[in-house]
Amino acid sequence: MNDRFEPKIVAFLCKWCSSAGSDLAGVSRMQYPANVVPITVMCSGGVSPLYIFSAFKRGADGVLVSGCHPGDCHYIKGNLYARRRLALVKELLEHVGLEPERFQMSWVSAAEGAKYTELIKDFVDTLRPLGPQAKLRRRV
Amino acid sequence: MTASVEEIRAEVKKLLDEGAVKYVIGYRNGSAGPFAAPAFFTGAGEADELVWDPTCFHNLARFLADERREDVCAPEAEEDGKKPVGVVVKGCDSRAVAVLLQEKFVDRDAVYLIGVSCEDGGVIDEGKLARKLGTAKVEKIEFGVDGGFVVTTDEGPIKIESADILDDRCVECRAAYPVVHDVVIGEQVDRKPEEPYGSLDEIESLAPEERWEFWERELGKCIRCYACRSICPMCYCDECVADTIAFAVTADTTADEKAQKIKWVERSPDNSENFFYHLVRAMHLAGRCIDCNECERACPVDIPLRLLNKKLEKEAKELFDYDVGFDPDVPSLISSFRDEDPEDFIR
């Protein structure tokens, strides 16, 4: 046993690309940290800012939202709405003083299992030195 | 600011005389010292009570939500109900109406907008005034002849420079002239504030950790009275995600019902819940807040809420070149996108 801090990441993955990408990483037996709690959503455009704030409130150390590359959205433009809305979420979280590294967004296609594993490895490595996220965590 | 109260009164009187409007929402002298209060004028005789002075802070667009809830403009309503409602709007208020029109919340035919241009003036900041005058008892606040204000206290009238007591939002105002209107009183003056987002400079220059401490201190004061929500012309939802009144868990609430009505935020004024509430409110006002600053004015514990809303207004402008409330016919900020929207933060 080592007492290294293991960050907990909540990942909202779109059903059509990123979720399939993480699945590909799994079936291809690519190794990546087990710090992620994946939540499949139908589209990154359906990720409400509420989900992100709520994840942080319930103790997530990092939140990832991942969707299809622009142009590849199953719903044509859901990821483009997400891009705009979540850019504002990111700015807002930074504005109130949350470490900007704690919220990330990515485009991962169904074929990018390798990119997904790299992404998670990097995310875990950036979160580890930050320590537990206590700012937005619920205390009641 | 030279828009004359006589002209506004004459317009209101004319509208009420002709029966062109159902009633007019304007300002009259309030019971709290020298400050104006919102008022509803139903008869032409009352029009003389209407006031126009630098204490007309209130965004009267707020009352259009109540009006719409009563559904007076529905086809089946009484003949009288089909008449529009007259509203006295400053530049900022008219942009609030423009957003409500953009969201199709209010019909253009349902409102008659009596625009008042603030020209190169604006409204005062009560806090700045109190700091400036100390303990002197203020009786009346009027517009001066050359910008500036004339404040009458128990020790007589004093001239005060505009810069000393003008509200921050008016200092940073880009459009004192009503954007949508049926009639305008006052001249159109081009305003180009030197620093339209100047009030954000201080907080943006802080390190993340200092910013956190700032907000932890400020939002920690929140008593969750929801005054900011109640006074906001944009917070017109019947059911608020922060305060789900229709969701009471009883012995026979099924798991299914609980799953469908998620309680996102607890009512306890703990800081984690306060942050959640204020972050959600800021997001819900992104691209909609027109900086009338009513939330901050209404806040009983002086939380600088404007710094949250102004930040997103600034980002909307800088990231997406989106101006809030200038055109009721463009799609709203988060229901649209451009191909060239920045994505350098996305991997």
Side-chain angles (χ1 to χ4, degrees), chain A residues 44-45 48-59 64-67 69-71 77-108 112 115-116 118-120 122-123 130 133-140, chain B residues 200 203-204 206-216 218-219 241-242 262-280 282-284 286-287 307-316 318-320 322 333-339 341-347:
Chain A
S44 55
S48 160
L50 280 173
Y51 299 177
I52 296 159
F53 301 146
S54 196
F56 281 124
K57 195 172 79 167
R58 282 159 203 267
L64 172 73
V65 176
S66 189
H69 286 269
K77 53 192 180 181
N79 51 356
L80 301 176
Y81 289 123
R83 180 174 69 181
R84 182 170 267 206
R85 189 185 305 145
L86 299 184
L88 292 171
V89 171
K90 192 168 175 62
E91 293 296 340
L92 185 61
L93 287 172
E94 285 183 42
H95 186 58
V96 297
L98 190 78
E99 295 88 349
E101 298 84 2
R102 292 202 189 270
F103 174 63
Q104 289 196 14
M105 198 174 164
S106 64
W107 307 135
V108 172
E112 290 177 326
K115 178 175 176 183
Y116 182 74
E118 282 309 307
L119 193 77
I120 299 300
D122 287 353
F123 202 177
L130 295 178
Q133 185 275 121
K135 288 176 177 169
L136 298 177
R137 187 191 290 262
R138 171 184 260 163
R139 275 158 295 191
V140 283
Chain B
L200 287 170
I203 186 162
E204 285 182 340
L206 298 177
E209 220 40 50
E210 293 171 321
R211 275 207 298 274
W212 169 258
E213 281 163 21
F214 172 82
W215 285 114
E216 193 180 31
E218 294 296 341
L219 296 183
V241 68
I262 301 163
K263 192 162 190 176
W264 291 102
V265 51
E266 300 293 328
R267 300 186 89 170
S268 83
D270 178 81
N271 228 359
S272 61
E273 308 304 314
N274 291 351
F275 265 88
F276 196 96
Y277 168 64
H278 287 287
L279 290 175
V280 168
M283 277 310 295
H284 285 183
L307 295 180
L308 282 177
N309 299 327
K310 197 71 184 171
K311 171 70 179 172
L312 289 183
E313 185 189 325
K314 178 183 178 184
E315 294 306 331
E318 290 184 352
L319 297 175
F320 312 121
Y322 185 87
L333 175 70
I334 56 167
S335 70
S336 59
F337 60 84
R338 296 174 309 167
D339 289 343
D341 278 352
E343 57 171 18
D344 46 349
F345 68 101
I346 302 174
R347 268 189 70 168

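Small disclaimer: the values here were computed from a predicted structure and weren't measured. Every chain is numbered from 1 and lettered A, B, ... according to where its sequence line falls, protein lines coming before strand lines.
With respect to the salt-bridge test (charged N to carboxylate O, under 4.0 angstrom), the residues A:Lys135 and B:Glu209 qualify.
In this structure, chain A has heavy atoms under 4.5 Å from both the backbone and the side chain of B:Phe320. With a 4.5 angstrom heavy-atom cutoff, B:Val265 touches chain A via backbone and side-chain atoms both. Both the backbone and the side chain of A:Arg85 come within less than 4.5 Å of a heavy atom of chain B. Only the side chain of B:Trp215 comes within less than 4.5 Å of a heavy atom in chain A; its backbone stays farther off.
Between A:Phe56 and B:Ser272, every side-chain heavy-atom pair lies at or beyond the 4.5 Å cut-off.
Annotation: maximal heavy-atom pairing with chain A below 4.5 Å, among B:Leu219, B:Ile262, B:Leu200, B:Asp339, occurs at B:Asp339. Taking chain A as the reference chain and counting heavy-atom pairs below 4.5 Å, the highest number among B:Ala282, B:Ala207, B:Ala316, B:Ser335 is found for B:Ser335.
Side chains of B:Ser336 and A:Arg84: a donor on one and an acceptor on the other come within 3.5 Å.
Note on ring orientation: taking the six-membered ring where Trp is involved, the planes of B:Phe337 and A:Tyr81 are perpendicular (angle over 60°, cut-offs 30° and 60°).
To the nearest 0.5 Å, the span separating CZ on A:Arg83 from CZ on B:Phe345 amounts to 8.5 Å. One finds the CG atom of A:Leu136 at 6.5 Å from the CG atom of B:Leu279 (value rounded to the nearest 0.5 Å).
Taking A:Lys115 as the reference, nothing meets the side-chain hydrogen bond (donor to acceptor under 3.5 Å, both in side chains) condition, with sequence neighbours excluded.
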Run the side-chain donor-acceptor check on residues 86-98 of chain A: report pairs under 3.5 Å with partners two or more places apart or on a different chain.
residue	atom	partner	partner atom	Å
A:Lys90	NZ	A:Pro100	O	2.9
A:Lys90	NZ	A:Phe103	O	2.7
A:His95	NE2	B:Leu307	O	3.1

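A donor-acceptor pair is defined here as one N or O able to donate and one able to accept, closer than 3.5 Å; such a pair exists between the side chain of A:Lys57 and the backbone of B:Trp264.
Heavy-atom contacts from other residues, nucleotides or ligands closer than 6.0 Å to CZ of A:Arg137 number more than 12.
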